[in-house]
Amino acid sequence: MPELPEVEIVRRGLEPVLAGQTFVRVELKRPDLRFPLPKGFARRLVGQRVMSLGRRAKYLLARLSGGDVLIMHLGMTGRFTVAHPLPTHRITSVADTNRSARGGGVRAGEFAYEAGADQKHDHVVFRMSNGAVITYNDPRRFGFMLLVPEPRLEAHPLFKGLGAEPLGNELTGAYLALRAAGRRSDIKTFLMDQRIVAGLGNIYVCEALFRAGLSPGRKASSLAGKGGTATERAGRLVHAIRAVLGDAIAAGGSTLRDYRRADGSLGEFQHSFSVYSRAGMPCLRRGCRGIVRRAIHGARSTFFCPVCQR
DNA sequence: CGCATCCCCTGCCTGC
DNA sequence: TGCAGGCAGGGGATGC
């Protein structure tokens, strides 16, 4: 679920409680995530201080005082929840599911559940030196955590082949044109490939293609043609990618089912989808009479307006 | 290398 | 009410 905007929002939520703090205790309730947690995971974390919390593509990167980087990926359903030691600061993602505990209704600032009280699918719990309790919950367990020595991060198989960071300077029309040359896949699959643009997922690729007016079934190589039209298309696409990611971040990400910010609140960008999950509904572009269609590209659902997107 | 297919896992929704 | 089937924000492994 989490694509770049969601991961970035989680990063911003965790940073204030993680950065500068030391791991006091690490509990592994269920170490078999997408990959098994590394041997000695908890022991290697305890005592280390988090120097910074960054993001690359859809990965969260906690740089640790001991020289390792803690890599965290949320998969499809991963969620971090922060609970603070002070009742008035307690924040949780499950306030709406646990109201009966207090006789109905949880008011702002109240406890919604005890820190450490097991929720289903809680897998990892970090207890930090500031008292913060950070719980990783992931029903499908497609997420994972790794520890890699910082000098080896860039060469790590997960990172070595990553493409341009979409909000960075590397992503330009010229870059897309270069990478698209000779590709026979469709443009939707091309953009989903993390080796090309790192951090886009199904939602934002659909939305970006809509904003750029490009059909998802169009050949990726049509971004690389020699004429001015290909260059213009690639530039328009880069602009659309940046705009949709920026809008999504500003809205706190998109909540379909599982995604929550670290403070438990929902994202809001799902209310601004133009095409994603809107099959059969009218295109929202003013004056367009198209009906949003669903198609399959690279085994994933694609949503698009056949009138606007060519 | 590029590309397609299948798989990992749980939960939710739909239709019968 | 139950049950089968399809689908879901990600990405790795395999085979051609």
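Order of the sequence lines sets the chain letters (A, B, ...), proteins ahead of strands, with each chain counted from 1.
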Taking atom [atom1] in both [N] and [M], what distance in whole Å separates the two?
{"N": "B/dC9", "M": "C/dT14", "atom1": "P", "value": "16 Å"}
{"N": "B/dC7", "M": "C/dG5", "atom1": "P", "value": "15 Å"}
{"N": "B/dG11", "M": "C/dG12", "atom1": "P", "value": "24 Å"}

If you look only at distance, which donor and acceptor atoms sit under 3.5 Å apart when one is on a side chain in residues 146-154 of chain A and the other is two or more places apart or in another chain?
from: A/Glu150; atom 1: OE2; to: A/Arg63; atom 2: NE; distance (Å): 2.6

Taking the basic N atoms (NZ, or NE/NH1/NH2) and the acidic carboxylate oxygens, is any pair closer than 4.0 Å for [X] and [Y]?
{"X": "A/Glu6", "Y": "A/Lys58", "value": "no"}
{"X": "A/Arg11", "Y": "A/Glu8", "value": "yes"}
{"X": "A/Arg211", "Y": "A/Glu207", "value": "no"}

message: Counting only heavy atoms and a strict 4.0 angstrom limit, can you tell me which residues of residues 137-156 of chain A come near DNA chain C?
response: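 Hits under 4.0 Å, by residue number: A/Arg140, A/Phe142.
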message: Let's see if you get this right: which residues in residues 173-195 of chain A place a heavy atom under 4.0 Å from DNA chain C?
response: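 Heavy-atom cutoff 4.0 Å gives A/Gln194.
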Which residues pass the side-chain contact (heavy atoms from CB on, under 4.5 Å) test with [X], not counting sequence neighbours?
{"X": "A/Ala62", "value": "A/Val50, A/Leu53, A/Leu64, A/Leu70, A/Met72"}
{"X": "A/Ala224", "value": "A/Ala180, A/Ala181"}
{"X": "A/Ala212", "value": "A/Leu214, A/Arg236, A/Leu237, A/Ala240"}

List, one per line, each side-chain donor-acceptor pair under 3.5 Å for residues 296-303 of chain A, sequence neighbours excluded.
from: A/Ser301; atom 1: OG; to: A/Arg294; atom 2: NE; distance (Å): 2.8
from: A/Ser301; atom 1: OG; to: A/Arg294; atom 2: NH2; distance (Å): 2.9
from: A/Thr302; atom 1: OG1; to: A/Lys188; atom 2: NZ; distance (Å): 3.1

Rounded off to whole Å, could you give me the [atom1]-to-[atom2] distance for the [X] and [N] pair?
{"X": "A/Leu158", "N": "C/dG12", "atom1": "CG", "atom2": "C1'", "result": "9 Å"}
{"X": "A/Tyr276", "N": "C/dG10", "atom1": "OH", "atom2": "C1'", "result": "12 Å"}
{"X": "A/Lys58", "N": "C/dG10", "atom1": "NZ", "atom2": "C1'", "result": "6 Å"}
{"X": "A/Leu33", "N": "C/dG10", "atom1": "CG", "atom2": "P", "result": "18 Å"}
{"X": "A/Asp258", "N": "C/dG10", "atom1": "CG", "atom2": "P", "result": "12 Å"}

query: Are side-chain N/O atoms of A/Asn137 and A/Thr135 paired as donor and acceptor at under 3.5 Å?
result: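 Note: A/Asn137 and A/Thr135 side chains miss the donor-acceptor criterion.
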message: Side-chain heavy atoms under 4.5 Å apart, restricted to Ile/Leu/Val/Met/Phe/Trp/Tyr: what other residues fall into the cluster of A/Leu284, or is it alone?
response: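 Taking Ile, Leu, Val, Met, Phe, Trp and Tyr as members, A/Leu284 stands alone, with no cluster partners.
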Within 6.0 angstrom of A/Arg293 CZ, more than 12 heavy atoms from elsewhere: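 Result for CZ/A/Arg293: open.
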- request: Determine whether more than 12 heavy atoms belonging to other residues, nucleotides or ligands lie under 6.0 Å from atom NE2 of A/His156.
  value: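 For A/His156, atom NE2 is crowded (more than 12 foreign heavy atoms under 6.0 Å).
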message: I'd like the 5' and 3' limits of the part of DNA chain B contacted by chain A, with heavy-atom contacts below 4.0 Å.
response: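 Boundary nucleotides touching chain A, in 5' to 3' order, are B/dG2 to B/dG11.
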message: Dot-bracket, 5' to 3', for DNA chain C please: Watson-Crick or G-U pairs under 3.5 Å, [ ] where pairs cross earlier ones, | where the partner sits on another strand, dots elsewhere.
response: .|||||||.|||||||
Phosphate OP1/OP2 of C/dC7: any A/Arg294 side-chain N/O under 4.0 Å: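 Looking at the OP1 and OP2 atoms of C/dC7, one of them is under 4.0 Å from a side-chain N or O of A/Arg294.
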Phosphate-side-chain proximity, A/His73 and C/dG10, N/O vs OP1/OP2 below 4.0 Å: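 For A/His73, the contact criterion (side-chain N or O under 4.0 Å from OP1 or OP2 of C/dG10) is not met.
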Partners meeting salt bridge (charged side-chain N to carboxylate O under 4.0 Å, His left out) with A/Arg183 (sequence neighbours left out):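 Per chain and number, A/Arg183 pairs via salt bridge (charged side-chain N to carboxylate O under 4.0 Å, His left out) with A/Asp193.
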task: List in chain and number order the residues that pass salt bridge (charged side-chain N to carboxylate O under 4.0 Å, His left out) with A/Arg218, two or more places apart in sequence or in another chain; answer none if no residue qualifies.
output: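 A/Arg218 satisfies salt bridge (charged side-chain N to carboxylate O under 4.0 Å, His left out) with no residue once adjacent residues are dropped.
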message: Considering every strand and a 4.0 Å limit on heavy-atom distances, what is the contact class for A/Leu4: base, sugar-phosphate, or nothing?
response: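 Nothing, no heavy atom under 4.0 Å.
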